[in-house]
Amino acid sequence: MATQLKSRMECSDAEWEARQDLAACYRIFDLLGWSESIYNHISVKVPGEDNAFLINPFGLLYDEVTASNLVKIDIDGNVLSGNYPVNKAGFTQHAYFHRHLDWAHAICHTHTTEAMAVSSHKGGLLPISFYACNFQGQIGYHDFEGVTVRAEEGERLLANLGQKRVLMLRNHGPVVLGRTLPEMFVQAWALQRACEIQVATLAQGDPIDVPQHVIDVHQRDLGQVSLPGGPGAADFAAWKRKIDRIDPSWRE
């Protein structure tokens, strides 16, 4: 039976770094109010192991996740290390993307009120704010089929994602995929802000739509405001410093 890591010496340096970053990400999501009791998932591929990824222990709150208690699982559902079960909905969805998308290093799925509200709106994410303009034409949509525990739904999830990196599960919530954990994080952050602003704006009445030609210029120019280290690197590092000041136990 697979067991929890007792120390960082039981895995490679690259895996331990990935474990710490993922544990930090769970703590950051929790701090931002994006957790959902013991449910939802963030996963990362294990560096150097194409068929293995790390995911949260099913039964723990996000603020209980640490580097050592994360579960290491292969894409066939076998637990490689960890003392906790894995939520089947998390395994089914994340394993399919990790298996078929070699660039998808990090994936998250959330149930925030605002993102679920937008996923339940017939227009989806509307072009009505700075952040929403980031995502116009960049989101796939997948019709609700119930809880994601059937492997055959994976083909439709993948087809509806297409070449995009965000999949909005209608009446359910978003899946955000990234080439790196920081990239996934900053995209999830911007998407959440877009959803919050949409809910607030629609509560006031009719929104002002941003025209497509302005969206095109906005998306073209976004790359000019990035910081060194790649997309999201500075953001993620800043939030790691914040959770370190609050409770550094995620590193253990």
Side-chain angles (χ1 to χ4, degrees), residues 32 34 40 42-43 93-94 96-145 148 153-227 230-236:
L32 290 168
W34 300 350
N40 292 170
I42 315 168
S43 65
Q93 181 188 103
H94 288 236
Y96 202 87
F97 287 129
H98 282 309
R99 183 192 295 270
H100 293 284
L101 301 173
D102 57 5
W103 58 266
H105 176 74
I107 304 171
C108 76
H109 172 55
T110 60
H111 280 180
T112 66
T113 299
E114 297 85 359
M116 291 187 78
V118 170
S119 78
S120 303
H121 189 275
K122 64 180 180 180
L125 187 66
L126 304 174
I128 60 175
S129 73
F130 176 97
Y131 290 116
C133 288
N134 296 8
F135 294 99
Q136 295 307 302
Q138 308 298 318
I139 296 178
Y141 289 87
H142 175 76
D143 287 342
F144 184 61
E145 298 187 27
T148 312
E153 188 179 354
E155 293 183 17
R156 293 185 291 279
L157 289 166
L158 195 63
N160 288 325
L161 176 67
Q163 300 301 309
K164 302 175 176 68
R165 292 180 180 165
V166 176
L167 181 63
M168 191 68 83
L169 309 181
R170 293 191 185 276
N171 310 103
H172 188 171
V175 178
V176 181
L177 304 90
R179 294 168 296 181
T180 66
L181 189 61
E183 180 182 72
M184 180 277 294
F185 168 73
V186 77
Q187 290 297 301
W189 181 86
L191 180 63
Q192 174 63 21
R193 292 292 296 130
C195 291
E196 291 169 352
I197 294 162
Q198 177 164 319
V199 170
T201 302
L202 293 185
Q204 301 177 95
D206 294 334
I208 301 171
D209 287 349
V210 177
Q212 186 60 50
H213 72 276
V214 176
I215 293 172
D216 292 341
V217 171
H218 174 74
Q219 292 186 352
R220 182 200 68 194
D221 292 346
L222 279 175
Q224 298 184 32
V225 296
S226 61
L227 292 169
D235 305 73
F236 192 61

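Basis for what follows: all heavy atoms, side chains included, without hydrogens, waters or symmetry-related copies. We count residues from 1, following the sequence as given.
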Which pair of heavy atoms, one from [X] and one from [Y], lies closest together, and at what distance?
X: Tyr141; Y: Leu125; value: OH-N, 3.0 Å
X: Pro174; Y: Ala115; value: CD-CB, 3.6 Å
X: Phe130; Y: His218; value: O-NE2, 3.3 Å

query = Between His94 and His98, how do the two ring planes meet: parallel, tilted or perpendicular, split at 30° and 60°?
reply = tilted
Quick one: [atom1] on [X] to [atom2] on [Y], what's the gap to the nearest 0.5 Å?
X: Asn40; Y: His109; atom1: CG; atom2: NE2; answer: 5.0 Å
X: Thr180; Y: Phe185; atom1: OG1; atom2: CZ; answer: 11.5 Å
X: His105; Y: Met184; atom1: NE2; atom2: CE; answer: 9.0 Å
X: Asn160; Y: Met168; atom1: CG; atom2: CE; answer: 13.5 Å
X: Trp34; Y: Thr112; atom1: CH2; atom2: OG1; answer: 8.0 Å
X: Leu126; Y: Thr201; atom1: CG; atom2: OG1; answer: 9.5 Å

query = Is there a ring pair (Phe, Tyr, Trp, His ring centres under 6.0 Å) between Tyr131 and Trp189 once you walk through the steps?
reply = CA-CA 10 Å; Tyr131 290 116; Trp189 181 86; 5.4 Å; yes
Counting distance only, does the side-chain N/O of [X] pair as donor-acceptor with the main-chain N or O of [Y] below 3.5 Å?
X: Gln192; Y: Ala188; result: no
X: His100; Y: Leu158; result: no
X: Gln138; Y: Asn134; result: no

query = How would you list, by chain and number, every residue that makes a salt bridge (Lys or Arg N to Asp or Glu O under 4.0 Å) with Asp143, sequence neighbours excluded?
reply = Arg170
inquiry  = Test of understanding: with salt bridge (Lys or Arg N to Asp or Glu O under 4.0 Å), list the residues that count as partners of Arg193, not counting sequence neighbours.
reply    = Glu196
Hey, does [Y] have a side-chain heavy atom less than 4.5 Å from the side chain of [X]?
X: Val175; Y: Leu169; result: yes
X: Gln93; Y: Glu153; result: no
X: Phe135; Y: Val166; result: yes
X: Leu157; Y: Leu167; result: yes
X: Leu177; Y: Gln187; result: no

query = Can Asp216 and Gln212 be counted as having a side-chain donor-acceptor contact under 3.5 angstrom?
reply = yes
Between Gln198 and Ser129: side-chain donor-acceptor atoms closer than 3.5 Å = no
query = Under 6.0 Å from the CG atom of Asp206, do we count more than 12 heavy atoms belonging to anything else shown?
reply = no
message = As a quick check of understanding, evaluate ring pair (Phe, Tyr, Trp, His ring centres under 6.0 Å) for His172 and His142, giving each step before the final call.
response = CA-CA 10 Å; His172 188 171; His142 175 76; 9.2 Å; no
For Val176, the option from Ile42, Thr110, Leu191 that meets side-chain contact (heavy atoms from CB on, under 4.5 Å) = Leu191
